[in-house]
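Per chain, numbering begins at 1; letters A, B, ... match sequence-line order.
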Amino acid sequence: MADSGQAAETRRSDGAAANSEIAAAFDDGPAFIPYLAVGDPSYEASKAYVEALARGGADVIELGLPFSEPIAEGPTIQGAIVRALEGGMTPELFFEFVEDVDVDVPLVCMTYYNLIYQYSPPGSDERGPEQFVARAAEAGISGLVVPDLPAEEADPLRAACDEHGLDLVFIVAPTTEGERLQSMMERVSGYVYVQARLGTTGAKSDVSDQTDRSLQRLSEWNVPKAVGFGISSGEQAERIVASGADGIIVGSALVDIVADGVDSEWSTAETADKLEAKARELAEGATRGQTEPAPSDE
Amino acid sequence: MSTDHATDAEDSPTKAADGKFGDYGGQYVPEALMPAIQELTDAYERYVVNNEDGFMDEFRQRLADFGGRPTPLQRADRLSERYDCDVYLKREDLLHGGAHKLNNALGQVLLAKYMGKDRIIAETGAGQHGTATAMAAAHLDMPCTIYMGERDINRQRPNVFRMKLNGSDVKPVTAGRGTLKEAISETMRDWAASVETTHYVIGSIVGPHPFPVMVRDFHAVISEEMRTQVREQTGGLPDSVVACAGGGSNTMGAFAHFVDDEDVNLVAVEAGGSSLAVDEEKGVAPNSASLSTGDEGVLHGARTKLLQDSFGQIMESHSISSGLDYAGVGPELAHLVDEDRVTPVAIDDDAALEGFHRLSNTEGIIPALETAHAFGYLEEHAEELSGTVVVNVSGRGDKDLQAAIEETEARDIPNAPDMSMFSEGI
Ligand SMILES: Cc1ncc(COP(=O)(O)O)c(C=O)c1O
């Protein structure tokens, strides 16, 4: 990362420290951040899959907590969410999964606001962001991404994240410019999720030049920039890191493997092996993209 | 007859300019859509609220010339006799297209033109909003794509053909149960990819700000006319205004100019479906009664009352009428219910079907199955009615004839005609 001097000031207006595990994941070389929906197609299988991603070189893992109306997702991840819900995934099982899964990289929860808004811990009547974040922190979640929660509506969740030491990652879209970009960059912590193209999630074969423009707009901001939406190959990962990204986020290309496994009735181990191989391809691509060694943060 | 003390029809009902109705409303959308929503908010304030460039004048002129406004307010003599009060019908079924929907569709497509957008997308449930949008888009020469749940396409084939006749592209949505909820999600996905050139014409007072206030303002012409007409015909204000409520656009359109008249009862009739009970296990609520039974939550861009399970997953709703079959409701209506200003009532499928037959065979008006719920209310709550009762006839039933044949045959509806011709053939 370049010019790390201002990072701390630009991240948090209230001065609370960002989750240090996530910050550390960007320290040596570009971060590879895979996504899978938890419970797709079953609790046990997705546990094996997430562990395979860690073996394949994940630096952070985004775990999807499935919501019935995922408006930001394309058909691939919608399919994963349907399978996970049909497999019985619930917020409480999700947190048990986080406690249970055997990986030692930071875990970020990606979900929609209604599940956070409605969350109440077992045996309690209280609902809402504070309860959700407290439980997430206890389970070992390091950060949250909530695609239907723009910065304007995020204050209650941000307060809860600050209190429990979680990062709240915002998505910067190709349409985010000017003052909106500014106010978002002042509130973001952990990393910014740079949306590579307009539209919903889904693997694409080209790399959008919207990505380059977005990275340029963000170049003066010092928070790590992770690019996602449509990355599916090691070459794309390489190219995106070479154009200035600090990390890459990959969801649909991995979920496609899970879906193929379901359709072709592969064993859990077989699917896990393919996921691990794909993860390695992407992680290595990202590393190749970094032409010079990363300047250290000091 | 209640006393006539409050606002005049000329007063704009525009409220909640910040997009919040109490705790409801807001803008819970993906970041990619935020700039478009801010652009729309700006356009709404300039053109709709402040009539910049004569936008509202052009809108009203087109509603008259193309739409056929004003629609009549008609006394229903047989129903008045039956319920021993004065029942009046606001005939939105006579608006071009056969439902209130054109008010909003024409307003939004025209606004999209003023904003320089060159493509229209919309979702539709019953197909009424889809047909209204397709008509408005053809009238104003804009390309248009309509998303419609697969199940609804099968329930509403004539409307699908109408959209196609008007030159729109109809895209089936196969996710979930293939009804309105899925169609809205899918249209939002299209918008997220096309937002720079495309306007999303949402079909009810739902979604992120400014949609709920903007759609209400376009439909407020219903209560504006109603207010003048009922005064001309009765010399005062109505005692009650009754309208069916899915998302609630005909409802808020009929209520908007009476909200400040505390003496006018406002009754929102929801779909009680087959039962108000909920099957948590299956995630199904066999009704669409979000005002009566829903909990606060966030769906499709707004905080409102929703049919959801204890985890916050949205339930599959049900109604005999696809236009009411939705798990959410407009945030403004949810707020007015919490404030005790609007009374929500749930009417089940059977009572709605009876209402459908009653209006057809006593008054010579075949209502939409959505509208029929309001007539189910009159029958079931007859003892509560008094004075002047205005019912908003939100649409006509031509689109529902096939469904009405099937649903009537499948049930025991006392006031239905002899159905043997249909079940046995001649
Ligand atoms: C005739 C008619 N009435 C009512 C509705 C319900 O919509 P809203 O509650 O927004 O008025 C519909 C929806 O399609 C409709 O077609």
Side-chain angles (χ1 to χ4, degrees), chain A residues 65-75 78-79 81-82 85-86 88-94 111-120 127-128 132 146-154 170-181 184 192-193 195 197-202 210 229, chain B residues 18-20 23 25-39 173-177 181-182 184-198 207-209 281-283 295-304 306-316 327-328:
Chain A
L65 162 56
F67 176 53
S68 56
E69 300 306 307
I71 56 174
E73 316 297 348
Q78 279 181 61
I81 286 172
V82 168
L85 288 174
E86 281 172 356
M89 188 42 58
T90 65
E92 213 37 61
L93 268 179
F94 174 89
T111 194
Y112 287 77
Y113 195 54
N114 201 47
L115 295 190
I116 296 175
Y117 190 73
Q118 288 298 325
Y119 180 75
S120 99
R127 292 182 180 273
F132 184 92
V146 189
D148 64 343
L149 189 71
E152 284 79 355
E153 306 283 358
F170 286 107
I171 297 174
V172 169
T175 47
T176 312
E177 289 176 354
E179 273 174 36
R180 278 195 64 69
L181 183 62
M184 195 176 296
V192 297
Y193 189 142
Q195 184 181 329
R197 65 186 73 240
L198 279 175
T200 52
T201 54
Q210 285 174 343
F229 271 49
Chain B
D18 65 349
K20 300 273 173 166
D23 286 337
Q27 300 181 309
Y28 295 85
V29 294
E31 171 56 27
L33 294 180
M34 281 305 291
I37 280 176
Q38 290 178 335
E39 183 191 344
V173 179
T174 53
R177 249 179 76 247
K181 169 166 78 71
E182 290 80 22
I184 295 180
S185 293
E186 201 57 31
T187 317
M188 287 194 163
R189 292 186 183 106
D190 178 314
W191 205 28
S194 62
V195 60
E196 287 160 319
T197 58
T198 299
H209 178 69
E281 192 74 356
K282 289 210 194 97
D295 294 320
E296 199 178 327
V298 174
L299 176 66
H300 292 146
R303 195 192 281 202
T304 185
L306 301 175
L307 301 177
Q308 56 187 324
D309 69 13
S310 58
F311 301 117
Q313 306 291 1
I314 308 305
M315 301 236 209
E316 299 297 349

- Max heavy-atom pair count under 4.5 Å with chain A, selected residue of B:G301, B:S185, B:P208: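 Most heavy-atom pairs under 4.5 Å with chain A: B:S185.
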- Message: Using a 4.5 angstrom heavy-atom cutoff, name the option from B:R189, B:E196, B:Q27, B:M188 with the most pairs to chain A.
- Response: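 With the most close heavy-atom pairs to chain A, the winner is B:R189.
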Residue part contacting chain B, namely of [X], when any heavy atom lies under 4.5 Å:
X: A:P150; value: both
X: A:P174; value: neither
X: A:L85; value: side chain

Please round to the nearest 0.5 Å and tell me the distance separating atom [atom1] of [X] and atom [atom2] of [Y].
X: A:R180; Y: B:Q38; atom1: CZ; atom2: CD; value: 5.0 Å
X: B:L33; Y: A:L198; atom1: CG; atom2: CG; value: 9.0 Å
X: B:L306; Y: A:Q118; atom1: CG; atom2: CD; value: 7.5 Å
X: A:Q78; Y: B:E186; atom1: CD; atom2: CD; value: 6.0 Å
X: B:E296; Y: A:Y117; atom1: CD; atom2: OH; value: 3.0 Å
X: B:Y28; Y: A:I71; atom1: OH; atom2: CD1; value: 12.5 Å

- When you look at A:M89 and B:Q313, which way does the side-chain contact (heavy atoms from CB on, under 4.5 Å) test go after all the steps? CA-CA 11 Å; A:M89 188 42 58; B:Q313 306 291 1; over 6 Å; no
Minimum heavy-atom separation for [X] to [Y], with atom names?
X: A:E153; Y: B:G26; answer: OE2-CA, 3.4 Å
X: A:F67; Y: B:I314; answer: CZ-CG1, 3.8 Å
X: B:S310; Y: A:R127; answer: O-NH1, 3.3 Å

- Query: Quick one: side chain to side chain donor-acceptor pair (under 3.5 Å) partners of A:Y112, sequence neighbours excluded?
  - Reply: A:E73
- Task: Side-chain contact test, heavy atoms from C-beta onward, threshold under 4.5 Å: evaluate it for A:L149 versus B:V298 and give yes or no.
- Result: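 Not in contact.
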- Task: Flag the pair B:P30 / A:I171 as yes when at least one side-chain heavy-atom distance between them is below 4.5 Å, and no otherwise.
- Result: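 Answer no - side chains too far apart.
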- Item | Qualifying residues under side-chain contact (heavy atoms from CB on, under 4.5 Å), relative to A:A173, sequence neighbours excluded | A:T175, A:T176, A:Q195, B:E31, B:A32
- Item | Structural part of B:L299 lying under 4.5 Å from a heavy atom of chain A | side chain
